[in-house]
Amino acid sequence: MTILEGNGAAPQAATDLIKETTTQSFVKDVIEESKRQPVLIDFWAPWCGPCRQLTPILEKVVRAGNGKVKLVKMNIDEHPAIPGQMGIQSIPAVIAFVNGQPADGFMGAVPESQVTAFVNKLTAGMPGEPNIAEILKEAETLLAEGDASNAASIYAEVLSADATNIAAMAGLAKCYATTGAIDQAKKTLAMVPESKRGDAAVKAVQAAIDLAEQAKSLGPIAELEQKVAANPLDHQARFDLATALNAAGKRTEATQQLLEIVKRDRKWNEDGARKQLVQFFDAWGATDEATVEGRKRLSTILFA
């Protein structure tokens, strides 16, 4: 998966408050988005005169809300499944989604004052700022599930609101690193001020970038495995094999190879195997299962 197709530019923040949706993208555009802020779904059709009256009003009111609510439009002629499932029998129909569920709605072309009142009622009591911690947690979860593209969009959205958010910078850089866009990852991480380079998330991404660059110069895993099999005391080949295995996402196997070096020759390459293993742990994160298990096994060897 790549974060962006084509020119490799940084993903743009989701600043557009109004968009069209399809049956396929409805869950993402409406259900998931409504967990961050209310979303109005406008069911319309090209032949519907009242729809042509209402849509410009909806757009005006939504833009005036400065991001408190988003508008998503669905052409029911092209995408009849969703309105059919929701029991929409006449248009225009506007349904408000909040926290992933329908919350309110209205039918027909109503005046601007009524639309404004509807939106104000919907957003009454909403905090002025989004819960950044929850948004970042959502992005982290998406990235852990392998969805680097949507995670990157969320991190970019956070940065559009707060360009100094270190967690979002690190997260965006990690999205790039995860998809192999190492140069973009380095450029993103370069935005982090020197005083914040010690942040755990920043160090983790830097470690991942360093390891990815190391792996670039190595041969195929199969060749490295053959070298180690031919000479189990070839610690450099085993070290390279561990680095290549890590780049391939084989954390347990990578850990095993470095631990084998530590067991056979702790002082090799100035304690290089242990230092590389610690770099793995930094890149994986302290709570990763491979890190926790690896630390246990390393401690058993060092303090046996």
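All values reported here derive from a predicted model rather than from experimental measurement. One-based numbering along the sequence shown.
Annotation: the span from Lys73 atom NZ to Leu58 atom CG amounts to 9.0 Å, rounded to 0.5 Å. Distance check: Ile18 CD1 to Glu59 CD gives 4.5 Å after rounding to the nearest 0.5 Å. Atom CG in Leu136 sits 11.0 Å away from atom CD in Glu157 (nearest 0.5 Å). In this structure, CZ in Phe43 is found 4.5 Å from CE in Met86, a value given to the nearest 0.5 Å. To the nearest 0.5 Å, atoms CD (Gln257) and CD (Glu225) are separated by 7.5 Å. Rounded to the nearest 0.5 Å, atoms NZ (Lys250) and CG (Leu241) are 9.5 Å apart.
Counting all heavy atoms, side chain and backbone alike, Gly108 lies closest to Leu54 at O-CD2, 3.7 Å. The nearest pair of heavy atoms linking Ala254 to Asn246 is CB-N, 3.8 Å. When every heavy atom of Leu159 is checked against every heavy atom of Asn165, the shortest pair comes out as CD2-O, 3.7 Å.
Val202 and Tyr176 fall within a single hydrophobic cluster, where Ile, Leu, Val, Met, Phe, Trp and Tyr are joined by side-chain heavy atoms under 4.5 Å apart, directly or via other members.
Within the 4.5 Å cutoff, no side-chain heavy atoms of Ile82 are placed close to those of Val30. Using a 4.5 Å heavy-atom threshold, the side chains of Val292 and Thr287 count as separate. For the pair Glu260/Arg238, a side-chain contact is recorded, criterion being any heavy-atom separation below 4.5 Å from C-beta on. The closest side-chain heavy-atom distance from Val69 to Gln37 is not below 4.5 Å. The shortest side-chain heavy-atom distance between Ile41 and Thr21 falls under the 4.5 Å cut-off. Using a 4.5 Å cut-off on side-chain heavy atoms (C-beta onward), Pro92 and Met107 make no contact.
A salt bridge is defined here as a Lys NZ or Arg NE, NH1 or NH2 lying under 4.0 Å from an Asp or Glu carboxylate O, and Glu213 with Lys186 meets this definition. Looking at Glu33 and Lys28, no side-chain N of the basic residue comes within less than 4.0 Å of a carboxylate O on the acidic one, giving no salt bridge. A salt bridge links Asp288 with Arg251: the distance from a Lys NZ or Arg NE/NH1/NH2 to an Asp or Glu carboxylate oxygen falls below 4.0 Å. A salt bridge links Asp271 and Arg274; the closest N-O separation between the charged side-chain nitrogens and carboxylate oxygens is under 4.0 Å. Looking at Arg36 and Glu138, a side-chain N of the basic residue comes within less than 4.0 Å of a carboxylate O on the acidic one, giving a salt bridge.
In the displayed structure, Lys121 atom NZ is contacted under 6.0 Å by at most 12 heavy atoms of other residues, nucleotides or ligands. The number of heavy-atom neighbours closer than 6.0 Å to NZ of Lys267, taken from other residues, nucleotides and ligands shown, is 12 or below. For Glu289, the CD atom sits in a loose shell: 12 or fewer heavy atoms of surrounding residues, nucleotides or ligands are nearer than 6.0 Å. For Lys275, the NZ atom counts as densely surrounded, since its 6.0 Å shell holds more than 12 non-hydrogen atoms of other residues, nucleotides or ligands.
In this view, Thr243 and Gln214, Ala215, Leu218, Phe239, Gln276 satisfy the side chain to side chain contact (heavy atoms under 4.5 Å, CB included) rule, not counting sequence neighbours. With sequence neighbours excluded, no residue satisfies side chain to side chain contact (heavy atoms under 4.5 Å, CB included) with Thr252.
A donor atom on one side chain and an acceptor atom on the other are not found under 3.5 Å apart for Asn99 and Ser34. Ser25 and Thr22 are linked by a side-chain donor-acceptor pair at a separation below 3.5 angstrom, with hydrogens and angles left out of the test.
Between the side chain of Thr291 and the backbone N or O of Gly285 there is at least one donor-acceptor pair closer than 3.5 Å.
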task: Step by step, work out the side chain to side chain contact (heavy atoms under 4.5 Å, CB included) result for Val72 and Phe26.
output: CA-CA 9 Å; Val72 175; Phe26 179 82; 6.0 Å; no
